[in-house]
Amino acid sequence: MAAPPPLTLKRSYRSVSSLQQFYSGGPFAVSSDGASLACACGEEIKIVNTSDASVLASLDGDSESVTAFAFSPDGCFLFSAGHSRLVRVWDLSSRKCVRSWKGHDGPVMSMACHSSGGLLATGGADRKVCVWDVDGGFCTHFFKGHQGIVTCIKFHSDPNQLLLFSGSDDASVRVWNLESKKCVAVLEKHFSPVTSLALSEDGQILLSAGRDKVVNKWDLHNYSFNMTIPTYEMVETVCIIRPGNCLSALLEPSGRRKPSSSAPVYFLTVGERGIVRIWSSEGAVCLYEQQSSDVTLVSNEDDMRRGFLSAVVLPSDLGLLCVTADQQFLFYCPMKSAEGMFQLNLYKRLVGYNEEILDMKFLGDDEQYVAVATNLEQVRVYDVASMSCAYVLVGHTDIVVCIDTCISTYGRTMLVTGSKDNSVRLWDVESRHCIGIGRGHMGAVGAVAFSKKSKNFLVSGSSDRTIKVWSFEGVSEDGDQEIALKAKAVVAAHDKDINSLAVSPNDSLVCSGSEDHTACIWRLPDLVSVTVLKGHKRGIWSVEFSPVDQCVMTSSGDRTIKIWAVSDGSCLKTFEGHTSSVLRASFLSRGTQFVSCGGDGLIKLWTIKTSECIATYDQHEGKIWALAVGKKTEMLVTGGTDALINFWHDSTAADKQEAFLREEEAILRAQELENAVTDADYTRAIQLAFELRRPHKLFNLFSHLCRRRDVEDPIEKALGGLGKEEIHVLLEYVREWNTKPKLCHVAQAVLFRMFRIFPPTDIVEVKGVSELLEGLIPYSQRHFSRIDRFVRSIFLLDYVLARMSVVDPEETILPRNGERPLASENGVADEQDASQSNIQVDDISCKDDTGKSSTCTEMDGMISLKKRKSSKSKKGSAKKINPEEKILPSNGEQHPLASENGVADEQDASQSNIQVDGKDDTGKSLTCDEMDGMTSLKKRKSSKSKKGSAKKVKLTKHKNNSTISVEA
């Protein structure tokens, strides 16, 4: 025996396909090529692919149900109308409503499009017929005459003949001439509502069908009545079989015709009997009739829910489409039988509405089919590949609640079902017949399970709180007769309804879960109690034995999953994570993992060893009642109250490969980004940072470029090529940067460039821009307010410095004629120059502040006085000095002009050049006048060495830009 493959834990599942509801009854339309269907599904319009029942598009219709459909001849547009009386034109390429209008006083009940595509005819419950211009949306014709609801409407098949036919529930057919805008004929031979109209290919014969169980033939040359063809059933649809169609190719003429006689017209009818019949107008004979109906007829009180509602002859070799009352689309193709007889073969069945999914199981070794139990009496078996319903198992008289499958010892696939009709049925899948039935339960059968090893018995649990073991050893798998199953053992197992059953892999035990909060393990075949599993606080919905260990798993309404030891009934592990009842749980990966689903619509994948939920999936909108796991492929299928069936495939290997490729691509792009930064190709670097979604790197690039002053701004060049999606991403980054004071200057710089590059019309079109701007505006206002407060605080600093005489706003020396005052490098006179400029050293004008001429001695006194004031304002400890006095320091005392730290500043150093002891540098004694002249000369030299010329400096402060400037 080959060794099993190495175990690989599953990390992720992916929903690869789904079967969703697309038709809830009512109107439908088929495209001209037969590839798609337009169906009414509640308040929505579903465009469905006929090959695999996949929904191509969902169009949001009115708030009320849709009542009529029509495709344009080219299949590009779809026309719809509903109870809101609004006619809509849908562009199928963009899936948007391009035009709409109102015209009827009641719901539109029928609709037809002209072969040119330019005209649309509508018939309503207001007894009116209107013709509309499709492009303009205005009414071109308005006809009144019917005494009842207009039930069907049809244009003439020849585009050159502008005739319109309408049938009503007043049992009449009216012919309208679009040129004369008048009713040219009233055809009255029916005695009940007219349901369908059909025109021959040459346009000379009109067929009308009604619920009076007849089809009438009319000659359109003179609008005369030809014949009545009795059908003996209420006819819902009559269709002309045109020459060249696959149906007409297999039809043989019913007899020899005279050479002068015209060719017969072949047509088919469908109605309440649920069978297709093909007729010939020559002799009014039925050429073909189905022997049995493919409609799942049910013997209930509602007889109107039986049979076909409509039929459409599909183009080319696609055959015939029939629609049933239980929302099924049946596709037939004609073929010759072995005896050479014509017959219709059902090759596809699309189910538009499944209602609630209660249980599901895979069928066969290849798991190509899945059996589905819904809120119906039948079991529908779907082909996984085509999503079509392969066949239906009919036999129960009430809703099927539970199902289970197995492969018998003879290699045949078997299916067991439990129903609310208190019975258990055993089915042979290959023959599609019920081969055994077990009766004896007094309540609905809520759980069934096959044996796993011997495969010769099954177990059932019921709401009557009992468990029964049924043997089917004597059942013939080849027979078509139902054989009564015999109960081998019965036990009253629980105090409340039994919800789930599971048989151990060796057929020695069976576990039952009940609404009484307990699970019980019983020994087979005599159903002796082994142990009771107590611990759940709510009812138990699912039980399952481990395929490798002696333990059992239970899921409960208390939102927990527990694993129990079979030997002593102790709880080994408890898993919590669901927010609602856990309805199903099944083992995976040879018992090392399991998957669960619940009333919260979530599917969770768990690893038992680590007690960790490694993945959660949300693809359902309601409770998930059904969960099936493929034994070979471990493919999952789930279904619930939303009538949606999802198929899940293990994508662990595929996701790992994709992650590796993404990581490799990211590394290459990151290296390309670094190369662009190194090469100073900032435009390319910004684009790569956008593509890699690296906001930190992007911020560093913007911050670096904002400090540069290039002629060509690389930020604007990079931002100019952004699309709407990239603009949205950039605004998200800027919004985050703008919330932090340290990063806001870069955010504002990027915003400034964005608003300068892109016009407001382009920015408004960005998706979600309003929310982004709402996050940007408050922080931007906060940043500007903070800057404004900072600027105002500078005024206070200037005022304090001026009051401290650090910045002296007083006027100083006037410049010489023709000279330009010199400022410091930053445009502000420094404090030392301002203090020195107060000394009047101009030889041309020696005047005091009042304009009076002063002598040299008086001017020297003024100089000394101002120096003493300046020194006193800065140091506060300088003494008053009279230029005529000569004060010498005491022995050991510091020089009176030195600073506190023993070093004279620049100004004191210039003053210290004046020898207060009356001697020059050589030690020679000087007179007072000589010393005064030397003082003035040294002052002029000091001023020239710093400024180059005497200046008059005025320090002023501009409040607008909050800077200190120099005025001459």
Side-chain angles (χ1 to χ4, degrees), residues 22-23 27-41 45-59 66 68-80 88-98 110-121 134 153-159 196-201 203 237-250 266-268 270 276 308-323 328-335 344-352 385-388:
F22 58 85
Y23 180 59
F28 74 96
V30 186
S31 61
S32 56
D33 58 356
S36 58
L37 295 169
C39 306
C41 185
I45 302 170
K46 302 282 189 180
I47 308 298
V48 184
N49 189 350
T50 57
S51 62
D52 58 358
S54 61
V55 177
L56 302 176
S58 294
L59 309 178
V66 182
F69 280 126
F71 272 102
S72 62
D74 56 2
C76 296
F77 296 95
L78 174 69
F79 308 97
S80 68
R88 295 174 180 264
V89 182
W90 301 89
D91 185 358
L92 296 181
S93 60
S94 63
R95 302 175 184 178
K96 292 183 179 179
C97 178
V98 296
S110 57
M111 186 179 293
C113 186
H114 193 261
S115 57
S116 64
L119 296 177
L120 178 70
V134 173
I153 196 166
K154 193 173 185 65
F155 278 102
H156 198 282
S157 56
D158 186 1
S196 180
L197 298 173
L199 280 167
S200 61
E201 186 181 20
T237 301
V238 57
C239 297
I240 295 287
I241 301 176
R242 301 180 182 274
N245 189 276
C246 59
L247 293 172
S248 63
L250 297 178
Y266 298 109
F267 62 94
L268 62 87
V270 296
V276 179
F308 288 130
L309 295 182
S310 182
V312 177
V313 177
L314 299 177
S316 183
D317 57 348
L318 297 178
L320 174 67
L321 169 64
C322 296
V323 182
Q328 296 186 39
F329 292 84
L330 307 183
F331 292 82
Y332 292 95
C333 64
M335 59 182 300
L344 291 176
N345 180 38
L346 177 65
Y347 70 93
K348 188 189 302 182
R349 185 197 303 258
L350 301 183
V351 179
S386 64
M387 290 295 174
S388 63

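We're numbering straight along the sequence, starting at 1. What you are looking at is a predicted structure, and each value in this text was computed from that prediction instead of being measured.
Inter-residue side-chain proximity for Val48 and Phe329 is flagged as unmet; no heavy-atom pair is nearer than 4.5 Å. Using a 4.5 Å heavy-atom cutoff, the side chains of Pro315 and Ser32 are not in contact. Taking 4.5 Å as the limit, some side-chain heavy atom of Phe79 sits within range of a side-chain heavy atom of Ser72. No side-chain heavy atom of Phe155 sits less than 4.5 Å from a side-chain heavy atom of Leu199. Contact annotation: the side chain of Pro159 approaches that of Ser115 to within less than 4.5 Å [non-hydrogen atoms, C-beta and beyond]. Within the 4.5 Å cutoff, side-chain heavy atoms of Leu344 are placed close to those of Pro334.
Judged as a side chain to side chain donor-acceptor pair (under 3.5 Å), and not counting sequence neighbours, Asp158 has no contacts.
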Kindly indicate, with the supporting measurements, whether the criterion side-chain contact (heavy atoms from CB on, under 4.5 Å) is fulfilled by Val134 and Phe77. CA-CA 10 Å; Val134 173; Phe77 296 95; over 6 Å; no

Let's go through Val98 and Trp90 carefully: what are the C-alpha distance in whole Å and the side-chain angles of both, what is the deciding distance for side-chain contact (heavy atoms from CB on, under 4.5 Å) to 0.1 Å, and is it a yes or a no? CA-CA 6 Å; Val98 296; Trp90 301 89; over 6 Å; no

Would Asp33 and Leu318 count as a side-chain contact (heavy atoms from CB on, under 4.5 Å) here? Give the steps. CA-CA 9 Å; Asp33 58 356; Leu318 297 178; over 6 Å; no

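For the atom pair CG of Leu37 and CD1 of Ile47, the computed distance is 9.0 Å after rounding to the nearest 0.5 Å. Separating the CG atom in Leu247 from the SG atom in Cys333 is a distance of 9.5 Å, to the nearest 0.5 Å. Residue Cys41 holds its SG atom at 10.5 Å from OH of Tyr23, rounded to the nearest 0.5 Å. Between the CG atom of Leu56 and the CG atom of Asn49 there is a distance of 5.0 Å, given to the nearest 0.5 Å. Taking OG from Ser200 and CD1 from Ile240, the interatomic distance works out to 6.0 Å, rounded to the nearest 0.5 Å. From Lys154, atom NZ reaches atom OG of Ser110 across 12.0 Å, with rounding to the nearest 0.5 Å.
Considering all non-hydrogen atoms of both residues, Phe22 and Val351 come closest at CE2-O, 3.3 Å. The shortest heavy-atom contact between Ala311 and Cys322 is CB-SG, 4.1 Å. Pairing each heavy atom of Pro243 with each of Glu201, the nearest pair is CD-OE1, 3.2 Å. Closest non-hydrogen pair, Phe69 versus Ala40, comes out as CE1-N, 3.5 Å. Contact record, Leu120 with Met111: CD1-CG, 3.6 Å, taken as the closest heavy-atom pair. Scanning all heavy atoms of the two residues, the minimum distance from Leu78 to Ala70 falls at CD1-O, 3.4 Å.
The side chain to side chain contact (heavy atoms under 4.5 Å, CB included) with Val270 is formed by just one residue from the set Val276, Leu309, Leu320; it is Val276. Partner Val30 forms a side chain to side chain contact (heavy atoms under 4.5 Å, CB included) with one of Thr50, Leu314, Val323 and no other, that one being Leu314.
Remark: the backbone N or O of Gly75 is not paired with any side-chain donor or acceptor of Ser31 at under 3.5 angstrom. Remark: the backbone N or O of Tyr347 is not paired with any side-chain donor or acceptor of Asn345 at under 3.5 angstrom.
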